[in-house]
2 protein chains.
Amino acid sequence: MFHSEDCPGRVLYRHVASRWAGLIVLQLWPGPLRFHRLRDALPGISEKVLAQNLRELVRDGLVDREVEPTRPPQVTYSLTPLGGELAARVHGLLTWVGDHAPEVLAARERHDRAS
Amino acid sequence: MFHSEDCPGRVLYRHVASRWAGLIVLQLWPGPLRFHRLRDALPGISEKVLAQNLRELVRDGLVDREVEPTRPPQVTYSLTPLGGELAARVHGLLTWVGDHAPEVLAARERHDRAS
DNA sequence: CCGTATCCCAGATGATACTG
DNA sequence: CAGTATCATCTGGGATACGG
């Protein structure tokens, strides 16, 4: 798979596998969120980087952006159907990582001691 | 999930979501491979980066490294059971990305034209 | 064949301040 | 509230050459 270096699949994968994109999509999986909720759910992300990633995700048709023309404005982000499918896969990967991280750390310690 | 910035899950996820780790694990899913086979299956990777990633994966107990003491030496990499579980999730994500990349690119073009 | 050792860089990320 | 602007940083990754 991905036998060319810049085929569409590889390009998209590089974005999905970026530091934050997967985590953002995952946060939106249970339901829509506003900008600051999203920010608070992702400790360590800066507003700039969150905004960048959201723009990319909207551009790629994975996330919807809705603006309520109130004062002050309210902006809500939600997954598109396409984004929802992606989120399911990301969720599978992340829950596994979350569940097995301790095993991996144990293996790492074992390895470090042995060497 | 991952409510601390440097909890084990986030750390492991950052590695798994690195540019190459997922692709390497995926290549090993069908069966063991030698170093150069792996390199050839991953267009664009340098030997240095491949070696780095493999060392990390071995350290984390996700990949096995077996050396035949022949001359010249033959080194074979394979997934551990733990690595196999991870590969399944990565496979789910990557096949989806591969299958839907065209849709995403189409959405992107639509978006770029609209703006 | 299977790597390691150097050196280097772009691009992703971060901190801070500011605006409609 | 929801961002942008600006500048600084940092590290994963790349090129090249060499070694067991």
Side-chain angles (χ1 to χ4, degrees), chain A residues 2 4-6 10-25 27-28 32-60 63-78 111 115, chain B residues 2 4-6 10-25 27-28 32-60 62-78 90 111 115:
Chain A
F2 297 164
S4 148
E5 202 179 341
D6 42 30
R10 281 269 277 264
V11 173
L12 178 56
Y13 177 68
R14 287 200 63 177
H15 178 217
V16 166
S18 75
R19 176 162 190 188
W20 296 109
L23 295 172
I24 292 171
V25 166
Q27 293 301 327
L28 292 175
L33 284 177
R34 307 239 316 260
F35 188 86
H36 271 224
R37 294 265 175 243
L38 216 36
R39 183 200 206 293
D40 296 343
L42 297 164
I45 200 172
S46 70
E47 294 189 345
K48 182 188 115 182
V49 171
L50 176 55
Q52 271 179 358
N53 275 270
L54 285 169
R55 250 184 283 128
E56 271 287 306
L57 291 167
V58 169
R59 183 168 177 247
D60 287 350
V63 165
D64 251 0
R65 180 181 194 269
E66 266 182 272
V67 184
E68 298 284 331
T70 55
R71 181 68 203 223
Q74 309 214 337
V75 183
T76 303
Y77 294 92
S78 56
H111 181 272
S115 66
Chain B
F2 297 165
S4 147
E5 201 177 341
D6 40 31
R10 279 269 277 265
V11 172
L12 179 54
Y13 177 68
R14 287 202 61 177
H15 177 217
V16 166
S18 75
R19 176 164 188 185
W20 296 108
L23 294 172
I24 292 171
V25 167
Q27 293 300 328
L28 292 175
L33 284 177
R34 307 238 318 259
F35 188 84
H36 271 223
R37 293 265 175 240
L38 216 34
R39 183 201 206 292
D40 296 343
L42 297 165
I45 199 171
S46 69
E47 295 189 345
K48 180 190 117 180
V49 172
L50 176 56
Q52 272 178 359
N53 275 271
L54 285 170
R55 247 185 285 127
E56 272 287 305
L57 291 168
V58 169
R59 183 169 178 246
D60 287 350
L62 299 166
V63 165
D64 251 0
R65 181 180 194 269
E66 266 181 274
V67 184
E68 299 285 331
T70 55
R71 181 65 206 224
Q74 307 214 338
V75 184
T76 303
Y77 295 93
S78 57
V90 173
H111 181 271
S115 65

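Chain A is the first sequence line, chain B the second, and so forth, proteins listed ahead of strands; every chain is numbered from 1.
Within the structure, the salt bridge (Lys or Arg N to Asp or Glu O under 4.0 Å) test picks out the following pairs touching residues 35-45 of chain A (sequence neighbours left out): A:R39-A:E47.
Rounded to whole angstrom, the span from the CG atom of B:L54 across to the P atom of D:dG13 amounts to 13 Å. Between B:L38 atom CG and C:dC1 atom P the separation is 15 Å, expressed in whole Å. As a whole-Å value, the separation of B:E68 CD from C:dC1 C1' is 13 Å. Between the P atom of D:dA2 and the CD1 atom of A:I24 lies a distance of 15 Å, rounded to the nearest Å. Rounded to whole angstrom, the span from the CD atom of B:Q74 across to the P atom of C:dG3 amounts to 12 Å. Atom CD of B:E66 is separated from atom C1' of C:dG3 by 18 Å (rounded to the nearest Å). Atoms NE2 (A:H15) and P (C:dG11) sit 16 Å apart, rounded to a whole Å. As a whole-Å value, the separation of B:L23 CG from D:dG13 C1' is 14 Å.
Note on A:Y77: every side-chain N or O is 4.0 Å or more away from OP1 and OP2 of D:dC1. Here B:R34 does not reach the OP1 or OP2 of C:dC1: none of its side-chain N or O atoms lies under 4.0 Å away. Phosphate contact (OP1/OP2 of C:dC2, side-chain N/O of B:R37, threshold under 4.0 Å): absent.
For A:P73, there are no side chain to side chain contact (heavy atoms under 4.5 Å, CB included) partners at least two apart in sequence or on another chain. Residues satisfying the side chain to side chain contact (heavy atoms under 4.5 Å, CB included) test with B:P32, not counting sequence neighbours, are B:T76, B:S78. A:R65 meets the side chain to side chain contact (heavy atoms under 4.5 Å, CB included) test with A:V58, A:V67, A:V75, A:Y77; sequence neighbours excluded. The side chain to side chain contact (heavy atoms under 4.5 Å, CB included) search around B:R59 returns A:R108, A:H111, A:D112, B:E56, not counting sequence neighbours. In this structure, the side-chain hydrogen bond (donor to acceptor under 3.5 Å, both in side chains) partners of A:R34, at least two apart in sequence or on a different chain, are A:Q74. Among residues two or more places apart in sequence or in another chain, the salt bridge (charged side-chain N to carboxylate O under 4.0 Å, His left out) test is passed with A:E68 by none.
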Report, as a single string ordered 5' to 3', how protein heavy atoms within less than 4.0 Å touch nucleotides 13-20 of chain C: B base, S sugar-phosphate only, - not at all. BBB-----
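For B:W20 against A:R10, the heavy-atom pair with the smallest separation is CH2-NH2, 3.2 Å.
End-to-end axis angle of the helix from C:dC1-D:dG20 to C:dG20-D:dC1, using five pairs per end and rounding to 10°, comes to 60°.
Here B:L57 contributes atom CG and B:L28 contributes atom CG; the two are 8.0 Å apart, rounded to the nearest 0.5 Å.
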